[in-house]
Undergrad: 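Here it is, the structure, as structure tokens.
Given the structure is predicted, the values throughout are model-derived calculations rather than measurements. The first residue of the sequence shown is numbered 1, and numbering continues consecutively from there. Side chains are part of it too, since the values below use all heavy atoms of this structure and drop only hydrogens, waters and symmetry mates. Note that ligands are numbered from 1 as they come in the structure, with each ligand's atoms numbered from 1 the same way.
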Amino acid sequence: MRMVDIIHAKRSGLELTDDQIQFFVDGVVSGDIPDYQTSALLMAIYFQGMTDQEQSSLTMKMMESGDHLDLSSIPGVKVDKHSTGGVGDKVSIPLAAVVAALGIPVPMISGRGLGHTGGTLDKLEAIPGYQVEISEQDFINQVTKDKCAIIGATGNIAPADKKIYALRDVTDTVDSIPLIAGSIMSKKIASGTDALIIDVKTGAGAFMKTLDDSRNLAKALVGIGKGVGMQCMAMITDMNQPLGNAVGNALEIKESIELLKNNGPHDLVELTTTIGGYMAVMGNVATTPEDGKQMCQRVIENGDALASFKKMVADQHGDATVVDNPDGVLPQAKYQIELPAKVSGVVSKIVADEIGIASMLLGGGRQKADDKLDYSVGIYLHHKIGDSISAGESLLTIYSNREKIDDIKDLLYDNIEISDSATAPTLIYETIE
Ligand code: URA
């Protein structure tokens, strides 16, 4: 078999056989297929799509490319959550602690930033010392003892995805339903979770820009999960504007801690507790999502969720005093630059992907696969869509390590609109069970 023939077949719109997909995945993992041929096939898949059969074959072969975690020694229903990626989407971080505080084991395997979106692992690494790579046994011990751990797909979980993910990020082939579905579900199936909720983002800052595409992705993800016997559901949620107020790695950790201190921004709290409510049902501690949501609210108010977070950080070798003193522990940018509103009115647009790009250009995201991140930089929004603002008032603060940032200011001004009136967008569109 030759890789060039597989590229040709996909480029021509043909359905790839199981053997061809196996050859591709094996070659990616062994390194026999060079990055330029993998990239070419990814681009062909991007344009030609994949049938359901190809999609589930790609997922299973990527999953089989590495180890399969056996979490059966952890008592209880193990429940995980994954997001398809957004801007300011730090939900997984407080959510893992909230759900763990309900007594449900949360073995969370997360990813890095992709394109303009942030990644949970990059955010956690803003906490000095935090290790996202721990051994399988330490992961199992930690989830058994403290009920949550957030780690990367370490060692040998879906190694094919690791390589493909990095190449997609730099070849603009991220927003493809079969590639996203294969990437997420190969890791989730290999991670051995019993139940999974997927937050499928929709809108300008999401990989799926329309509700229809998001629905198709949600159905593909849930279909693959159910096909292997996993309890699986998806929620389609808004990503037209960033979630919460903070965009940038350290800033998002600080905002997650604020949420766990019962002081989080409304949209972030609403989404975290709503998803947590469904996880509480999946984990058999609540009978309805509404009851589960109230239970989540309670562990935020009584400090149990914050305690779970602190334990997780300490277990994973991070500086747990970050909880008491975020500014003293997290990396700080040299400059804090305000962006004043040019006119008075109501904020009517904050184009999420461009805000993500601004944060990336400040150094908070990768432009090339091996870029080192600057955890301290980012953007803090003082106003969201639907908020009134007066001319001269600060729209947002830019956290930067360079003083001259006219390029960033122009980009932000170009992507934030102030009009006579606007209402906040819907946060949760639908659930797919
Ligand atoms: N998260 C993943 O793990 N993979 C994707 O492709 C997108 C989001």
Undergrad: Can any side-chain N or O of Lys90 pair as donor or acceptor with the backbone N or O of Ala246 at less than 3.5 Å?
TA: yes

Undergrad: Are Val228 and Met63 close enough that some pair of their side-chain heavy atoms sits under 4.5 Å apart?
TA: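 When only atoms from C-beta onward are counted, Met63 and Val228 do not touch, as no gap falls below 4.5 Å.
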
Undergrad: Mark yes or no for whether Asp319, through its side chain, and Thr321, through its backbone, hold a donor-acceptor pair below 3.5 Å.
TA: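 Present.
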
Undergrad: Which residue pairs satisfy the ring-ring contact (aromatic ring centres under 6.0 Å, His included) criterion with at least one member in residues 206-250, sequence neighbours excluded?
TA: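 Those involving residues 206-250 are His116-Phe207.
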
Undergrad: Do any N or O atoms from the side chain of Lys10 and from the backbone of Met50 form a donor-acceptor pair under 3.5 angstrom?
TA: no

Undergrad: Sort out for me which residue in Ile21, Leu16, Thr17 forms a side chain to side chain contact (heavy atoms under 4.5 Å, CB included) with Asp19.
TA: Thr17

Undergrad: What does the list of residues with a heavy atom under 4.0 Å from ligand 1 look like, ordered by chain and number?
TA: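 Protein residues near ligand 1 are His82, Ser83, Thr84, Leu114, Tyr165, Arg168, Ile180, Ser183, Ile184, Lys187.
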
